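Note on naming: letters A, B, ... go to the chains in the order of the sequence lines (proteins, then strands), and numbering restarts at 1 for each one. Please read these numbers as outputs of a predicted model, since none were measured by experiment.
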Amino acid sequence: MIKKRIKTLLEEALTQLLGSLPIPPYEIEKPKKEIYGDYATNIALVLKNKTNLKPFQIAEKFAQILSEERVLFSKVEVVSPGFINFWIREEYYKEHLREVLKKGEKYGSQDLGQEQRVLVEFVSANPTGPLHIGHGRGAAYGDSIARILSFTGYRVFKEYYINDKGTQMEILGRSVYLRAKELSGEKLVFPEGYYRGAYIYEIAKKALENYPFLLDLEEKKAVELCQTLAINLILEDIKKDLENFRVFYDNWYSESTLYERGKVEKVLRLLKAKNLLYEKDGALWFKASLFEDAKDRVVMRSNKEFTYFTGDMAYHYEKFVERGFDLALNLWGADHHGYVSRLKAFLKALDINSERLKVILIQMVNLIEGGKLKSMSTRQGEFVPLKDLMEEVGVDATRFIFLSRSAETPLDFDLDLAKKQSQENPVYYVQYAHARICSLFEKAKASGLKDFHLENLKTELLSEKEEFKLLKILENFPEVVESASLFLAPYKVTQYLLELAEAFHEYYTKHRIILPENLDLTYTRLGLCLACKLVLKVGLDLLGVSAPERM
RNA sequence: GCCCCUGUAGCUCAGUAGGACAGAGCACGAGAUUCCUAAUCUCGGGGUCGUGGGUUCGAAUCCCGCCGGGGGCACCA
């Protein structure tokens, strides 16, 4: 990466100029304006506080040293008030193309993670109903982050935490039980706060089929049966949806097993040993406020039941201590943000570095249809199932749209636009670029050209400005991947792909690739196209979006 | 009341470990195909970066106040 090379050169020059003084944070960036070169740095400006020299003078000294690096730079320039601008030699970019082609599908991969083991936990929706559009965003985001992290040197493990215990599960069981009664002709009032989606009727029907004696049972027993059946059926449905959405987990982790295996007890023992638990109002509390949480938290309610938090403590203790993950990355809905400090407080209490837990809060999805906002609530049974979305919009377009915005921005999902297979829908723009290149290669083959080989690449023949633009964009890919990984931001890849596709379409429109009268140029241009195709494919893979060969 | 996110072009959003005259897509208007896929390309108008201060050589970006939008402040998850 050019940036890294410039960094090294700058820091060598710095030592040469001023000895080894601490380097303040500075920037090497691609300037927005062409007149400022390909890269620019503000190092002289940030250094001014450390020295007596004027920024412009420091910059000039830097420039003097750096301009001797003739392989990389064609020009180094200093501009007021002290920016140093670099122009990269065209040959550098041309040579780089060879490297892209050599690396193939490995191009862009790197070792940021240094084999650290990271557990990515995402979706983890309660099995109380089908996945909806909001879960879809989490699914796309988590899956893509997992792909990006493993592409950048982390050992990634994907997990779904099943909340199969607690109050909500009981309400689910009761909801089914009541619907079963209703189906058997009983008139009743369906309570507030119960699950009233149509799927509850389906499960109730199934319950009556499986257990013809259901309504003769003691209520507690019957509700239990309903609950177990409901969880199983819903979970099965969730798994199927996620698979269709191309999201596959390494593990499905059941909350209730934490209790069965004594993990919860163990964690409570550890806290107790540190004198961090106390009783109040008949409940058991954890002194979270000692660890930067807003208040103390209940771990066992006065009815002797554990809270969700208690299970989560045990779960995370196991993640870090017993299962030995270096990092845990959790993707939560933004409505859970208050919960972050609670969990971190627990980690601090047990002397586990809370930095090892990273929580990405994903903002809401607003569904827009016909220009109007649709509201969503699982309990009310008003939601657009992910299933429907995949069916109507398609997996590719759905994922692409979800991955086109940063997590902290609420997403307006415009159903009508998403369904359009047109210009307005960016996913096709990128895929089309890929398909076009594939078609080029078919055409080449049909015209009797040999398969492309690196020896046929004569980069000195690349002279069009659209070709340079492509070369530069291709060169930039690893930096984009790095930043997507560092910031856990798949949308950076999405945006990059749009940029690359645009540059390709422009090139394609303006220049012919296959020129029977000039085979050298043809092969070289095909090489450039092949590199584009490759990077498009790799980038789309990171998003979990397909790269079709035809459209 | 407290906490988190957010306010940038008509719309949807980039840009926020400070940097050089503020970007993209869509929409809108005008054009391009005898030739490798027109799901393409070219040109065009468009913005008090919510607002008022402050820090700085330099602020969309950092700090403080105010206003607007979303979410959260349970012995629910």
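Distance from the side chain of A:Lys443 is smallest to B:C36 among B:A14, B:C36, B:A77. The side chain of A:Phe83 sits closest to B:G19 out of B:A77, B:G19, B:C5. Listed nucleotides: B:C36, B:A77, B:A14. Nearest to the side chain of A:Asn163: B:A77. Comparing atom distances between the A:Thr307 side chain and each of B:C75, B:A39, B:C36 picks out B:C75 as nearest. The A:Tyr508 side chain lies nearest to B:C36 when the options are B:U42, B:C36, B:A14. Between B:A77, B:G19, B:C75, one nucleotide has an atom nearer to the side chain of A:Ser302 than all others, and that is B:C75.
Using N1 to N3 plus N6-O4 or O6-N4 for Watson-Crick, or N1-O2 and O6-N3 for G-U wobble, each under 3.5 Å, B:A24 pairs with B:U12. Pairing partner, B:G7: B:C67, with both Watson-Crick or wobble hydrogen-bond distances short of 3.5 Å. With a cut-off of 3.5 Å on both Watson-Crick or G-U wobble distances, the partner of B:U40 is given as B:A32.
Here the shortest heavy-atom pairing between A:Ala140 and A:Arg399 reads O-NH2, 4.1 Å. What you find for A:Ser124 and A:Tyr161 is that their closest heavy atoms are OG-N, 3.0 Å.
Taking 4.5 Å as the limit, every side-chain heavy atom of A:Glu77 sits out of range of all side-chain heavy atoms of A:Tyr36.
If you check residues 511-522 of chain A against RNA chain B, the residues with a heavy atom closer than 4.0 Å are A:His511, A:Arg512, A:Ile513, A:Ile514, listed by number.
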Detail all sub-3.5 Å separations between protein N/O atoms and N/O atoms belonging to nucleotides 15-18 of chain B.
from: B:G15; atom 1: OP1; to: A:Tyr491; atom 2: OH; distance (Å): 2.5

What nitrogen or oxygen pairs link the protein and nucleotides 28-34 of chain B at under 3.5 Å?
none

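For A:Arg301 and B:C76, the shortest distance from a side-chain N or O to OP1 or OP2 is below 4.0 Å. Residue A:Arg436 places at least one side-chain N or O closer than 4.0 Å to OP1 or OP2 of B:A38.
Here, B:G29 and B:G72 have their C1' atoms 46 Å apart, quoted to the whole Å.
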